[in-house]
2 protein chains.
Amino acid sequence: MSENHVCRSCPVRDRALCVSLADEELCGLRLIARKRQVTRNQIVCWAGEEALICANVVTGMFKVCASAADGRDQIVGLLHAGDFIGNPSPSTNRFTITALTDSTICVIPRQLLENFMSAHAKMERLLLDRTHASLEDARLRILLLANRSAEARIATFLLDLTSRSIDGDCTTIRRERQIFNLGLSRGQLAEILGLSSETVSRGLSRLKDNGLIALPGGRTIAILDKSALTVLAGAS
Amino acid sequence: MSENHVCRSCPVRDRALCVSLADEELCGLRLIARKRQVTRNQIVCWAGEEALICANVVTGMFKVCASAADGRDQIVGLLHAGDFIGNPSPSTNRFTITALTDSTICVIPRQLLENFMSAHAKMERLLLDRTHASLEDARLRILLLANRSAEARIATFLLDLTSRSIDGDCTTIRRERQIFNLGLSRGQLAEILGLSSETVSRGLSRLKDNGLIALPGGRTIAILDKSALTVLAGAS
DNA sequence: CGGTCGTTTGAAAATTCTCAATCGGAGTGG
DNA sequence: CCACTCCGATTGAGAATTTTCAAACGACCG
């Protein structure tokens, strides 16, 4: 019983895959799961290695990276609180997953999760839905990268972040005023958007000059004119 | 029993989700599934509409499209024989799925499939794995679109097609000689690769001039120097 | 035969990248 | 407390790539 207290107070109890489980079912999962702190830049999955663990992101933010042949990294996805890492079926990691901020994850050995899920169909269905949603996100990012200008990419990404940011998430400072710390360097932003860091910097500067956003300093961004950003995001 | 004959002779019996079912289990699915012919350019899923059906691609090739705000379509994914369309959970289609060639699909009402899958965990697990694989594909395409030159994109896509083409698939004519009809116009190639059709045309011409491929006419392409293409695909 | 559609090719325009210099804040050590 | 250094951010200018606009070409079809 006391085991469940850990889960009941978990910030993502009602957003991670665990939402599909009743409190009493959670006991079984709690026995095989373990919370783990990871520090910024720490890697939790290596591309090319066998996937031995799965995990839920409890706090923080991770990047999913593919290494290009020229050695450069490309961020192909982001993981936020509540998102799931890995696949219950045996597999080889195709991407490297790295913490962008100091974070907490709830780690579960893959094999054990595979067995657990077989006995909890609701959870498996939910994971399927989540994976499907991730696929849709990835496809929307394809749309973004394929044909849109640098400014449109930046505007779209900022809007995405505002809609995705979560109270209590370290990426958000004051949601109501649309001021948030994106926790990403210009270079990382460039990796996500498929641009050079200089182009990202120029784009942000222009948005600032036009009064759409403010850059109070550091990695903080304030959205001043959301509707104008939306227009920009839609324009080619 | 006779019902199963239809499935036993199905070209994707051993590649679509059905591989997870024994012949006797297939009966139940056969009762709710229906083969349907679709013609080139016919739409099977409309973005924005409620998803009422799922389907397996039996023969042919489909595109998954997002419409950009400027009206242009962007192909964010391709579906080949054996691939699955839709999601067993209730959802709204986020993309429009259109046949690129005359095709055959095996249609199953979503609600019925949802129930069926709940009773066939293996199938659900396989779908999860497939969806996960699609997600990885989409992320690899993000990698491709984000940082690579037009020629690298084209080379990569051609190599992808050669590895994905299947005997009996209409996209393949003579696999052993790496000659195939890609079934896509230059404009559609451009949609996939995030380029203009002129750039695609120029890129193919240059590959031809350099002796890496041949363009016998129509939409047929012959791979002449696969290793050189691989080098080009890897280079930035 | 004319018309249409897709492809190819050319040349100019636009965008983004690269290289380079400068700026600014955080942390360190005197 | 201040100078110093380092790293990331910004800004500038030229180079490279891609897009756009245009024209010509060929295949296919009525």
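Values below: all heavy atoms of this structure, side chains included; hydrogens, waters and symmetry mates excluded. A, B, ... follow the sequence lines: proteins, then strands. Residue 1 opens every chain.
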Inset, instruction - Taking side chain to side chain donor-acceptor pair (under 3.5 Å) as the test, write out the residues that go with A:D129, two or more places apart. - result: B:S89
Legend entry - nucleotides 3-18 of chain C: protein proximity per nucleotide (B base, S sugar-phosphate only, - neither; heavy atom, under 4.0 Å): ---SSBBBB----SSB
Inset, instruction - For B:S134, check side chain to side chain donor-acceptor pair (under 3.5 Å) against everything at least two apart and list the hits. - result: none
Legend entry - Residue list, side chain to side chain donor-acceptor pair (under 3.5 Å) with B:T199, at least two apart or on another chain: B:S196
Legend entry - Test salt bridge (charged side-chain N to carboxylate O under 4.0 Å, His left out) applied to A:D137 - qualifying residues, sequence neighbours left out: A:R164, B:R94
Inset, instruction - State whether the side chain of B:T59 and the backbone N or O of B:T104 hold a donor-acceptor pair below 3.5 Å, judged by distance alone. - result: yes
Inset, instruction - Would you check if the side chain of A:R15 reaches a backbone N or O of A:G82 as a donor-acceptor pair within less than 3.5 Å? - result: no
Legend entry - With A:T156 via side-chain contact (heavy atoms from CB on, under 4.5 Å) - residues at least two apart: A:L144, A:D160, A:A233
Legend entry - Euclidean distance, atom CD1 of residue A:I213 to atom C1' of D:dA9 [Å, nearest integer]: 14 Å
Legend entry - Pairs involving residues 200-214 of chain A, ordered by first then second residue, that meet side-chain hydrogen bond (donor to acceptor under 3.5 Å, both in side chains) (sequence neighbours left out): A:E151-A:R206
Inset, instruction - Can you check each nucleotide of nucleotides 23-28 of chain D against protein heavy atoms at under 4.0 Å and return B for base, S for sugar-phosphate only, - for none, in 5' to 3' order? - result: ------
Inset, instruction - Report yes if the side chains of B:R110 and B:L52 come closer than 4.5 Å at any heavy-atom pair, otherwise no. - result: no
Please produce a list of atom pairs where a protein N or O lies less than 3.5 Å from an N or O of nucleotides 23-26 of chain C.
none

Inset, instruction - Applying salt bridge (charged side-chain N to carboxylate O under 4.0 Å, His left out), name anything that partners A:R130, two or more places apart in sequence or on another chain. - result: none
Inset, instruction - Can you sort out the partners of B:R34 under salt bridge (charged side-chain N to carboxylate O under 4.0 Å, His left out), two or more places apart, ordered by chain and number? - result: none
Inset, instruction - Just report the end-to-end axis angle for the helix from C:dC1-D:dG30 to C:dG30-D:dC1, five pairs per end, to 10 degrees. - result: 30°
Legend entry - Distance in angstrom units between A:R40 CZ and D:dC7 P, rounded: 14 Å
Legend entry - Residue pair A:F180 / A:L158: nearest heavy atoms and the distance that separates them: CZ-O, 4.2 Å
Legend entry - Protein-nucleotide distance (A:I154, atom CD1; D:dA9, atom C1'), rounded to Å: 14 Å
Inset, instruction - Verify, without hydrogens or angle tests, whether A:Q74 (side chain) and A:E191 (backbone) share a donor-acceptor contact under 3.5 angstrom. - result: yes
